[in-house]
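Just so you know, these numbers use all the heavy atoms, side chains as well, and skip hydrogens, waters and symmetry mates.
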Amino acid sequence: MVLLRPISEFVRVPGFVPPKSADEALERVRHNADYFLLNYVVIEAAILLIGCLFNHKLLIPILLDLAMGVVFVYVKPGALERILSPLHKSFIFTLGTIFLLYATHTFKVLFICSFFTFLFSAVHAAMLAPEGIIKKD
């Protein structure tokens with residue numbers, strides 16, 4: 001189950017130790033990306049809101065994407081499924097997003113926000129040793 005983990009667990013200072021190998025770093029990323037998924041989503045949302053301060057037009061694709069997602073997820077199950085398969089929905093959602101980003105000239109801001117979120121998440125996930133496997137030397 002995806003949960004928002006407490007901040008004390010997310011920034012557990014004694015847990016931040018460099019991995020000893022690339023395999024260990026990859027194992028940590030796999031574990032932490034799954035374990036702290038909702039925390040990373042909240043960070044992405046906060047960074048996107050900061051991005052909206054620099055380019056207000058970024059709100060247009062974000063809000064319309066949310067609306068499309070709500071329609072695809074919450075419309076009565078039989079209505080859209082008779083016409084659109086999950087693949088068709090994904091294709092429409094992707095094309096709609098690309099068109100909105102192009103039309104509003106906000107791709108650059110979105111790319112920068114997403115890059116910073118990815119960078120933060122990757123470093124955090126690789127550096128934070130899961131609580132059960134911290135080895136004390």
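Leu48 approaches Cys113 most closely through the heavy-atom pair CD2-CB, 4.0 Å. Across every non-hydrogen atom of Val17 and Ala129, the tightest pair is CG2-CB, 4.0 Å. Of all the heavy atoms in Thr117 and Glu44, the pair that sits closest is OG1-OE1, 2.6 Å. Nearest heavy atom pair, residue Pro130 against residue His31, reads CG-ND1, 3.4 Å.
Using a distance-only test at 3.5 Å, with no hydrogens or angles considered, no donor-acceptor pair links the side chain of Thr106 to the main chain of Val109. At least one donor-acceptor pair closer than 3.5 Å links the side chain of Asn32 to the backbone N or O of Leu128.
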Donor-acceptor contacts under 3.5 Å from residues 61-68 side chains, at least two apart:
from: Asp65; atom 1: OD1; to: Thr97; atom 2: OG1; distance (Å): 2.9
from: Asp65; atom 1: OD2; to: Thr97; atom 2: OG1; distance (Å): 3.0

Using distance only, find each side-chain donor-acceptor pair of residues 33-42 under 3.5 Å and give its atom names and separation, not counting sequence neighbours.
from: Tyr35; atom 1: OH; to: Glu9; atom 2: OE2; distance (Å): 2.3
from: Asn39; atom 1: OD1; to: Arg5; atom 2: N; distance (Å): 2.9
from: Asn39; atom 1: ND2; to: Arg5; atom 2: O; distance (Å): 3.0
from: Tyr40; atom 1: OH; to: His124; atom 2: ND1; distance (Å): 2.7

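Annotation: side chain to side chain contact (heavy atoms under 4.5 Å, CB included) contacts of Ile98 (sequence neighbours excluded): Thr94. By the side chain to side chain contact (heavy atoms under 4.5 Å, CB included) test, Ile112 is found to be paired with Lys108, Phe116, residues two or more places apart in sequence or in another chain being considered.
Under a 4.5 Å side-chain heavy-atom criterion applied to ILVMFWY residues, the cluster that includes Val29 comprises that residue alone.
Applying the ring-ring contact (aromatic ring centres under 6.0 Å, His included) test to pairs two or more places apart or on separate chains, none has a residue in residues 88-113.
Under a hydrophobic-cluster definition in which Ile, Leu, Val, Met, Phe, Trp and Tyr are linked whenever side-chain heavy atoms come within less than 4.5 Å, directly or via other members, Ile7 and Met127 are assigned to the same cluster.
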